[in-house]
*Asks:* 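I have a structure I would like to understand better, so I am pasting it below and will then ask my questions one at a time.
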There are 2 protein chains.
Amino acid sequence: MNTLSYGLLALLTRGPRSGYELMQHIQPIWQAKHSQIYPLLALMEKRGFVQYVPVAQKDKPDKKVYSLTDEGIAALREWVPEPTGDPVKRDEMLLKVYCIGFIEPAQARQLFEERMRMYQCKIEKYHRMLDDLGSETVQAVEAGRMEHPGFGSYILLKRAIGQAESDLDWCRWVVGLLQLNPTGSVGN
Amino acid sequence: MNTLSYGLLALLTRGPRSGYELMQHIQPIWQAKHSQIYPLLALMEKRGFVQYVPVAQKDKPDKKVYSLTDEGIAALREWVPEPTGDPVKRDEMLLKVYCIGFIEPAQARQLFEERMRMYQCKIEKYHRMLDDLGSETVQAVEAGRMEHPGFGSYILLKRAIGQAESDLDWCRWVVGLLQLNPTGSVGN
DNA sequence: TTAGTCATGTAAGTGGTTACATGATTAG
DNA sequence: CTAATCATGTAACCACTTACATGACTAA
């Protein structure tokens with residue numbers, strides 16, 4: 001049972017999901033491909049943490065809909081109070097930024113402008129996801145009702161938006177600095 | 001040549017460094033252990049991207065001080081304009097937050113308070129690192145002189161501080177929400 | 001005297017990605 | 001007609017962590 005396995009159990013607290021759905025929903029929180037998720041689900045099924053019902057579909061491939069067992073819920077509850085690992089962040093761009101004095105100013109500008117587009121897309125996506133949660137959830141969250149399904153999703157989305165906006169502001173600040181001293185603008 | 005290898009080349013643009021120093025300095029940007037870094041340095045030395053001078057020390061173990069070769073610089077310059085990979089973020093805590101409705105309110109509070117301490121430590125550490133850069137660097141950055149050694153370090157530190165403060169604010173906001181509805185305070 | 005720092009390396013294991021494999025349906 | 005989505009799985013590979021190994025010096 002690794003962290004991703006517990007993460008899958010966490011997602012299943014919202015209700016039964018297929019492996020494919022789990023794979024999609026876990027992406028914003030924990031990057032993982034289907035090739036990693038399917039074997040873990042099979043393993044957890046063997047160990048009794050989850051169970052599945054095969055669902056036949058017309059027009060689409062059949063699927064397995066997984067749900068938590070009592071054992072799975074117990075495992076989740078044991079995991080939560082355990083010491084939480086430090087966050088792991090790896091961003092290739094930051095390594096490029098470290099040696100920014102070594103590269104063409106035009107390339108530097110491009111690097112930041114690409115990232116600004118990426119963050120803007122993310123922010124829009126997250127806002128759409130917030131809207132999808134509905135006003136009923138918003139009211140529950142604002143009242144601090146953490147037992148409400150959607151409380152976790154809402155505060156996670158808020159965090160993702162805050163992070164993306166902070167990064168976007170940083171990009172704008174750096175682009176502003178770069179324009180102060182347009183070393184690379186010969187020929188523009 | 002993987003991303004970490006280019007990252008090591010990026011660090012070496014600041015001047016010669018030992019493997020041990022590289023390992024320490026790359027931590028805030030890219031988590032990697034010495035056991036991963038030493039073999040990569042050996043490989044890059046074989047391929048001619050870096051070279052080293054053995055330095056004998058009294059009172060300390062001998063070390064190898066690596067520096068960039070012209071080939072290494074060329075490789076760096078080729079890498080920068082290549083498409084930049086998406087950032088990878090994996091934080092166990094967010095998975096726990098997702099199923100926060102399923103856990104004890106006291107445990108939830110503890111989770112956030114632990115994180116708030118972690119972010120506060122980080123922010124203090126980053127501020128100390130900023131101070132270490134000196135006013136000369138600050139002036140160069142404020143003038144947008146990106147070719148200045150320290151420009152990259154300064155803007156990366158600013159980003160790290162912004163991120164940590166954004167996360168800390170989020171934790172405070174959630175803790176505030178949790179206190180609105182003290183479900184778990186029976187017996188306090 | 002125990003733990004921590006400096007300093008380098010290898011070996012074994014886990015976690016995660018890419019590629020291979022299948023196949024029907026739908027949208028451009 | 002090509003690409004994307006849904007849906008599951010395996011195999012090979014790469015990236016990263018943990019443990020093993022050594023050894024001298026220093027601070028609590």
Side-chain angles (χ1 to χ4, degrees), chain A residues 1-9 11 16-46 50-66 79 83-92 95, chain B residues 1-9 11 16-46 50-66 79 83-92 95:
Chain A
M1 287 292 287
N2 54 23
T3 307
L4 177 54
S5 301
Y6 286 109
L8 294 169
L9 295 182
L11 287 222
R17 298 271 185 274
S18 69
Y20 191 84
E21 283 176 303
L22 289 169
M23 184 260 293
Q24 290 181 313
H25 285 103
I26 210 166
Q27 291 311 321
I29 317 180
W30 195 278
Q31 289 77 48
K33 315 281 156 151
H34 71 274
S35 52
Q36 198 184 0
I37 289 170
Y38 289 129
L40 290 180
L41 285 171
L43 207 86
M44 288 199 288
E45 195 266 335
K46 254 188 215 164
V50 295
Q51 58 194 149
Y52 73 86
V53 190
V55 175
Q57 296 184 120
K58 33 178 182 178
D59 307 353
K60 282 182 188 177
D62 298 353
K63 61 182 176 180
K64 296 179 178 178
V65 174
Y66 288 87
W79 168 67
T84 305
D86 280 343
V88 173
K89 297 178 185 182
R90 288 199 184 92
D91 188 346
E92 203 178 328
L95 295 171
Chain B
M1 286 290 288
N2 55 21
T3 307
L4 177 55
S5 302
Y6 287 109
L8 294 170
L9 295 182
L11 287 223
R17 298 270 185 275
S18 70
Y20 191 83
E21 283 176 304
L22 289 170
M23 184 261 292
Q24 290 181 313
H25 285 103
I26 210 165
Q27 292 310 320
I29 318 181
W30 195 279
Q31 289 79 47
K33 314 282 157 154
H34 72 274
S35 52
Q36 196 185 0
I37 289 170
Y38 290 129
L40 289 179
L41 285 171
L43 207 87
M44 288 199 288
E45 196 265 335
K46 254 188 214 164
V50 296
Q51 59 194 147
Y52 73 86
V53 190
V55 174
Q57 296 184 120
K58 34 178 182 178
D59 306 352
K60 282 183 189 179
D62 299 352
K63 60 181 175 181
K64 295 178 178 178
V65 175
Y66 287 88
W79 167 66
T84 305
D86 280 343
V88 173
K89 297 177 185 182
R90 287 198 185 92
D91 189 346
E92 203 178 327
L95 295 171

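Keep in mind that the numbers below use all heavy atoms, side chains included, and drop hydrogens, waters and symmetry copies. Everything numeric here is computed off the predicted structure, so don't read it as measured data. Residue numbers begin at 1 in each chain, while the letters A, B, ... track the order of the sequences.
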*Asks:* Taking only N and O in the side chain of A/W30, is any of them less than 4.0 Å away from OP1 or OP2 of C/dG16?
*Replies:* yes
*Asks:* Parallel, tilted or perpendicular: which one describes the rings of A/Y52 and A/Y66, with boundaries at 30° and 60°?
*Replies:* tilted
*Asks:* Just how far, in rounded Å, is P of C/dT17 from CE of A/M23?
*Replies:* 12 Å
*Asks:* Could you tell me the separation between the CG atom of A/L95 and the CG atom of B/L11, rounded to the nearest 0.5 Å?
*Replies:* 7.5 Å
*Asks:* Taking only heavy atoms on the protein side, list every residue of residues 52-61 of chain B lying under 4.0 Å from any atom of DNA chain D, sorted numerically.
*Replies:* B/D59, B/P61
*Asks:* Scan residues 33-46 of chain B against DNA chain D and write down, sorted by residue number, each residue with any heavy atom closer than 4.0 Å; if none is found, say none.
*Replies:* B/K33, B/S35, B/Q36
*Asks:* Any donor and acceptor pair, going by atom type alone, linking the side chain of B/Q27 with main-chain N or O of B/A32 inside 3.5 Å?
*Replies:* yes
*Asks:* For B/Q24, which contact category applies under a 4.0 Å heavy-atom criterion: base, sugar-phosphate, or nothing?
*Replies:* sugar-phosphate
*Asks:* Does the side chain of B/K63 come within less than 4.5 Å of B/V65's, by heavy atoms?
*Replies:* yes
*Asks:* Test B/W79 against B/L9 for side-chain contact (heavy atoms from CB on, under 4.5 Å), laying out the working first.
*Replies:* CA-CA 10 Å; B/W79 167 66; B/L9 295 182; over 6 Å; no
*Asks:* Looking at B/E92 and A/G85, would you say the former's side chain and the latter's main chain have a donor-acceptor pair under 3.5 Å?
*Replies:* yes
*Asks:* Roughly how many Å is it from CZ in A/R90 to P in C/dT17, rounded to a whole number?
*Replies:* 11 Å
*Asks:* Quick check: on DNA chain C, is the nucleotide nearest B/D62 upstream (toward 5') of the one nearest A/A32, or the reverse? Name the residue that is more 5'.
*Replies:* B/D62
*Asks:* Once rounded to the nearest 0.5 Å, what's the spacing between atom CD1 of B/I37 and atom CE of B/M44?
*Replies:* 9.5 Å
*Asks:* Measure the spacing between CG of A/L22 and CZ of A/R17 and express it to the nearest 0.5 Å.
*Replies:* 7.5 Å
*Asks:* Let me confirm one number: the CD-CD1 distance from A/Q36 to A/I26, rounded to the nearest 0.5 Å.
*Replies:* 9.5 Å
*Asks:* With a 4.5 Å limit on heavy-atom distance, are the side chains of A/Y6 and A/M1 in contact?
*Replies:* yes
*Asks:* Checking side-chain contact (heavy atoms from CB on, under 4.5 Å) for the pair B/Y38/B/K64: CA distance, chi angles, key distance, verdict?
*Replies:* CA-CA 10 Å; B/Y38 290 129; B/K64 295 178 178 178; over 6 Å; no
*Asks:* Rounded off to whole Å, could you give me the CG-to-P distance for the B/L4 and C/dT17 pair?
*Replies:* 16 Å
*Asks:* Give me the first and last nucleotide of DNA chain D, going 5' to 3', that has any atom under 4.0 Å from a heavy atom of chain B.
*Replies:* D/dA15 to D/dC25
*Asks:* Which comes earlier along DNA chain C counting from the 5' end, the contact point of B/S18 or that of B/V88, where each point is its nearest nucleotide?
*Replies:* B/S18
